[in-house]
Amino acid sequence: MFDKIKTFYGTSKPVPPLQCGPKERDRLYRRLRFQSFLAGTVGYSLYYVCRTTLNVVKKPIIDSHALDAQQLGIISSALLFAYAAGKFVNGLLADHSNIKRFMATGLTVSFIANLCVGLLGLFSGGGTLATTTLFVVFAVLWGINGWSQSMGAAPAIIALSRWYPLKKRGTYYGFFSASHNLGEAISFVLVGLVVGLAGWKWGFVGSAIAGAMGVAVILLFLHDTPESKGLPPVEVLSGEAGDETEVERESVGTAQKAAFGNPYIWILALASACMYVSRYAINGWGVIFLQEVKGFPLATATQVISVNAFLGIAGTVFSGWMSDKWFNGSRYSIAVTFGVLCSVSLGLFLYSGSGMFVNILAMVLFGIAIGVLICFVGGLMAVDLVPRRASGAALGIIGIASYVGAGIQDIISGALLDKHKTVVDGITTHDYSVASVFWIAASVLSFLLVGVVWRKASKNNRQPN
């Protein structure tokens, strides 16, 4: 049984080279690699819809007295901790995998978990299930969702490594990174609309439908390797060869060991963890913050938070292209600059008034900054540091650190908010002052750590990009 599973999910075997002319071969190569890029980007955006549903429905769940803020924080952290461990394990496995089957399997499990949570909520409304039972089952399902979510990013990014040369990777990685923001935007807007019309349970059902659509896209358009299509590997394709060195031609295991021994990657991992604290603070608690502190209705709050997701698309898309085009592949100066902007915009959002303009402005700046940081600190700078065959390992290191940080954030934030809550006429509100300091401090520490790596690399006359 194990051998069959290993064979099913293993990297596709090469097939005999296609018997065709160079022009026809190049045309087919361009078509298949663009399909793979598109499938990875769209598929992962729908992964995100299945991941962020809970961020939209926290206030309705609290108002229904089904669960409290601390319980929701624990449930959110169950996803994030499972995701962190999964990012590490599945990042290593993805280097050896058939990325189409690997990625489709993860999203299938994810949309089933969302569907089960929605059905659980529907059957718990009349007191059929005790609050404790709802909490435990919800947390288990959300933890399963977290693990399956970790099967999404690595295959999509490995597709870029397998189909695109190094000189184009930054540009397409930037476009791919927009999938994070696109998925968040879809979740905040469309899932928020469904929740407003039909209740929080149907928000999970709607996410499940989106996830099923993503599975179809992955199965139809994501391709494993050029060699499995009778095409040459990207590094030897005429006109498409990257600058692969001898170490990049080493075995997968040797390349992964080199990634684990690189100290720059571990410092970047800690920087990404801090960045993810601030990122998930807004994505996870921003909607309820606007409702409780600034008096926004649910529909308006979700629309304001969705601005950061939409603007993040611009940040991710142009960051990779800009660094490749104008900075000769260097990411660090850009990362530090936008790290500072992230901290400033976070403070503007948390400490400004309830005016629509200032809150949208804060989300515009925050979205652009986080978009750049997700692309660079959250992945691309680490991928640049390792051989192509170890892309998944580098992403695994960054991923486990990032989502451990996000998970710790949810537990700490939920506990702080639940400790400083008031209940008046059955309506629960929270004091966000202590949590706000925690979120901003993490954001500042993130760009300081990136600056440390940049400075050390410069002293060693080795720019790690």
Side-chain angles (χ1 to χ4, degrees), residues 9 43-44 46-58 61 67 69-94 97 102-118 120-121 133-157 179-180 183-184 187 204 207-208 211 214-215 269-270 272-273 275-277 279-281 283-285 374 378-379 392-415:
Y9 284 105
Y44 196 57
L46 295 176
Y47 256 91
Y48 250 76
V49 174
C50 290
R51 185 190 310 178
T52 57
T53 317
L54 183 58
N55 297 340
V56 179
V57 302
K58 283 179 177 174
I61 291 177
L67 299 167
Q70 187 167 14
Q71 289 173 318
L72 290 175
I74 293 172
I75 291 170
S76 295
S77 70
L79 181 147
L80 294 169
F81 285 133
Y83 185 76
K87 283 276 279 189
F88 182 74
V89 174
N90 289 320
L92 297 176
L93 293 176
S97 78
F102 198 82
M103 189 174 184
T105 299
L107 189 49
T108 298
V109 175
S110 184
F111 84 69
I112 291 174
N114 271 265
L115 181 61
C116 290
V117 170
L120 176 68
T133 304
L134 174 63
F135 167 62
V136 172
V137 177
F138 197 160
V140 170
L141 286 170
W142 221 232
I144 293 172
N145 186 28
W147 182 271
S148 64
Q149 283 283 323
S150 70
M151 299 173 71
I157 295 169
S179 60
H180 304 73
E184 289 172 355
S187 183
F204 290 98
S207 293
V215 172
L270 182 57
S272 186
M275 182 265 289
Y276 268 61
V277 169
R279 178 191 176 197
Y280 272 81
N283 289 345
W285 302 98
I374 289 173
L395 291 168
I397 294 169
I398 298 295
I400 191 171
S402 300
Y403 285 93
V404 165
I408 291 173
Q409 176 277 135
D410 257 324
I411 290 178
I412 294 176
S413 297

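In this chain, residues are counted from 1 in sequence order. Just so you know, these numbers come straight off a predicted model, no measurement behind them.
Applying the side chain to side chain contact (heavy atoms under 4.5 Å, CB included) rule to S76 yields the partners L54, K58, D410; only residues at least two apart in sequence or on another chain are considered. Residues passing the side-chain hydrogen bond (donor to acceptor under 3.5 Å, both in side chains) test with T105, sequence neighbours excluded: Y9. Listed by chain and number, the residues in a ring pair (Phe, Tyr, Trp, His ring centres under 6.0 Å) with Y276 are Y280, Y403 (sequence neighbours excluded). Taking L270 as the reference, L449 meet the side chain to side chain contact (heavy atoms under 4.5 Å, CB included) condition, with sequence neighbours excluded. Evaluation of the side chain to side chain contact (heavy atoms under 4.5 Å, CB included) rule for S179 yields T41, Y44, S45, F176 as partners, not counting sequence neighbours. Residues satisfying the side-chain hydrogen bond (donor to acceptor under 3.5 Å, both in side chains) criterion with T53, sequence neighbours excluded, are N114, S207. Applying the ring pair (Phe, Tyr, Trp, His ring centres under 6.0 Å) test to F111 and every residue at least two apart in sequence or in another chain returns nothing.
The shortest distance between side-chain heavy atoms of Q71 and F138 does not fall below 4.5 Å. The shortest distance between side-chain heavy atoms of V404 and F81 falls below 4.5 Å. You'll find the side chain of I61 reaches within 4.5 Å of the side chain of L72, heavy atoms only. V56 is not listed as a side-chain neighbour of T52, based on a closest heavy-atom distance of 4.5 Å or more. Contact check for V277 versus I408: no side-chain heavy atoms found under the 4.5 Å cut-off.
Atom CG of residue L120 and atom CG of residue L115 lie 11.0 Å apart, to the nearest 0.5 angstrom. Rounding to the nearest 0.5 Å places OH of Y83 at 8.5 Å from OG of S402.
Heavy-atom minimum distance, F102 versus A94: CE2-CB, 4.2 Å. When all heavy atoms of A401 and A269 are compared, the closest pair comes out as CB-O, 3.3 Å. Across all their heavy atoms, N90 and S150 have their closest contact at ND2-OG, 2.7 Å. When all heavy atoms of P155 and M103 are compared, the pair lying nearest together is CB-CB, 3.9 Å.
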Check residues 139-147 and write down every donor-acceptor pair under 3.5 Å in which the side-chain atom is one partner and the other belongs to a residue at least two apart or another chain.
residue, atom, partner, partner atom, Å
N145, OD1, S110, OG, 2.5
N145, ND2, C50, O, 3.1

